[in-house]
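Here is the structure we will look at, set down as structure tokens.
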Amino acid sequence: MSDESPNTLDTSRDLTLRVGGFEGPFDLLLHLCRTNEIDLTRLPVRTITDQYLAHLEAMEFRDLEAAGAYLVMAATLIYLKSKLLVPPDETQEEELEEDGLTLRLELEARLREYARVKALGEWLTQREAEQSLVWGRPGSTLPPPEEVPLEDLSVHLLERMLKRLIEEQTRQRPREVEPNPPSVVERMTMILSVLRDTWSLLFSSLTSGDRRRSEIVVSLLAVLELVRLGRIKTQQTELFGEIVIERQTTIPNGETARADAN
Amino acid sequence: MGRLPVPTPTDVVEALLFASDVPLEAERIREVLDLGDVGEARALVDELRARYDASSQGLQIVEVGGGYRMVTRPDVAPWLVRLARARTRARLSRPALEALAIVAYKQPVSRPEIDAVRGVNSDAVIENLLERRLVRITGRKEAPGRPYLFETTREFLVAFGLRDVADLPKVEGELIVPELAAVAEHGQAETQQDPGAGGADVTTGG
Amino acid sequence: MGRLPVPTPTDVVEALLFASDVPLEAERIREVLDLGDVGEARALVDELRARYDASSQGLQIVEVGGGYRMVTRPDVAPWLVRLARARTRARLSRPALEALAIVAYKQPVSRPEIDAVRGVNSDAVIENLLERRLVRITGRKEAPGRPYLFETTREFLVAFGLRDVADLPKVEGELIVPELAAVAEHGQAETQQDPGAGGADVTTGG
């Protein structure tokens, strides 16, 4: 790949026939790598960035959120490209300064992970097709659960339960059921912790599943505070569009690894 | 593993009867197998039936409701009941009993109130009690979110050998159901005759 | 008509497998038949399986989702498709399969983690997987925001014909796809003539 001429822009134009067929920025990136037979452990930043951007131009997006994810990747690539040291002469591999190197390593790692997921997905597709040729019984012919009599029921069990509940109540104050909305500091910690695993996230993902106004307000305050502290960057490509949150790439010395998932 | 030969028409009928959830008419079999007439279809079923009678005491082919069905033989019924019993947990879990006790003694009571007493989310256990028909939805509480109200059922009385909820043992002290924010009324909430929430099989979803 | 002899244990197992809509564990069979140990249960299933392999090209016994199931053989699929035009099942979309793949090999895994691997928001697809009961919530991650953790279900194993999650290809380093040992064993289903979107029966019963 190193002796590949970096000027592959025009060939990449031909690839746009699959526009819209990608599942996300990683899918597109992987496609570009596969088409160019690029080793996923040595990503040629310049080539891949140019091709990615060329593709992006030709794509049409259904919604802003989808576009946002692609744009974040574009920003990352452009950033990477800007970190290329001395303009490489044709014979040499590109070199990145330290920041960029860390980022590229991470990008490569995630790309490889995505490649594995995609392969597994394809394997599952095949299994699904095979299993679609097999039928089981349309339903159980066993007596339904509600017709199976319960064992060992007695009112004393209920009595004992109630006594225990009453005892508990007299011993302690009423318990909180709903947790209070998280504090701004908590939310800030959460955002930073997510950004340790990934370099960007969508504002909507901070509040998704919970549309309570207080949640949204707390999240927004947390984001604003983190921006003020210079810990994150945000982008909003359009009025009322999705806000993309990215971490500031001033990584404290050499902390590259993704926090372990568990 | 050697490749099996192409399935015979009898094998196909076997699979059709197995996979069908309704009795299968001879005409339908004829159609699916592209047979000349219904007689051929019947002949295939008879052949299959003979095979099952000869080799299996577990399953049989019967003619019912204008069609054919594959069913278990009566002789194996006792084991099927044992399986059904083994599969459904025949006991209520402790959380389920706890929730049931609250409903029994404080009915009608809403899910948020049960949650408040127990200090944990009770969705799953209530779901379970509804499935078991030990509790049912009796209306909605006039409180924010209009939560469903639950009460015990007749099956509950039968299962616990009670004539009436008044037969529940008296317990010293009083279980306090924490006040929900802005509950419209104190004590017994008015049970709305909500047409949608009439039946016991309305599940809470989630 | 002469009275049939008492059903043999193999016949009982046959009926149990037929009547059960979820995979039947060897342990369950042991329990229901009062057998000494699980090995005996497995031996009975093997005997039954041999009988089916010898006499029926319509049905087979497979090991899936931690238990045994009686299912049709792939060879009769074309006729079943003709029978059940209506009972077709929508295939999973590519994004859904991708998210499912992530859950399958990183379980338990949270939504932000799934998003991170895919590089896009996965809310909708996870919703879809939950609805189909291919994944379920298994708890919350002890991390800020306490996001839900997802894992694959037994339905997942059944739908994809896997005995357990260990049947999945290994994904350390590069993806190692096993020589589809399980598939070979479960009746080699070469996806010959694709009979449309034929529906694997993964109905949840009830």
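Note on naming: letters A, B, ... go to the chains in the order of the sequence lines (proteins, then strands), and numbering restarts at 1 for each one.
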Side chain to side chain donor-acceptor pair (under 3.5 Å) between B:Q107 and B:T152, worked out: CA-CA 7 Å; B:Q107 54 191 315; B:T152 54; 3.0 Å; yes
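- In this structure, no portion of B:I29 lies under 4.5 Å from any heavy atom of chain C.
- If you measure heavy-atom distances from B:V13 to chain C, you find no contacts under 4.5 Å at all.
- A donor atom on one side chain and an acceptor atom on the other are found under 3.5 Å apart for B:E14 and B:Y52.
- Residues meeting the salt bridge (Lys or Arg N to Asp or Glu O under 4.0 Å) test with C:R42, sequence neighbours left out: C:E63.
- Counting heavy-atom pairs closer than 4.5 Å to chain B, the top-ranked of the candidates C:V12, C:V76, C:T72 is C:V12.
- In this structure, B:L129 and B:F156 have side chains that are not in contact, with every pair of non-hydrogen atoms separated by 4.5 Å or more.
- Between B:F150 and B:Y148, the angle of the ring planes goes over 60°, which puts this pair in the perpendicular group of the 30/60° scheme.
- A salt bridge links B:R51 with B:D11: the closest approach of a Lys/Arg side-chain nitrogen to an acidic carboxylate oxygen falls below 4.0 angstrom.
- Looking only at heavy-atom pairs under 4.5 Å with chain B, the residue among C:T10, C:L33, C:L59 that has the most is C:L59.
- In this structure, B:R30 does not pair ionically with B:D37, as no charged nitrogen and carboxylate oxygen lie closer than 4.0 Å.
- Using a 4.5 Å heavy-atom cut-off against chain C, no residue of residues 94-101 of chain B qualifies as contacting.
- In this structure the side chain of B:R111 reaches within 4.5 angstrom of the side chain of B:I126, judged on heavy atoms.
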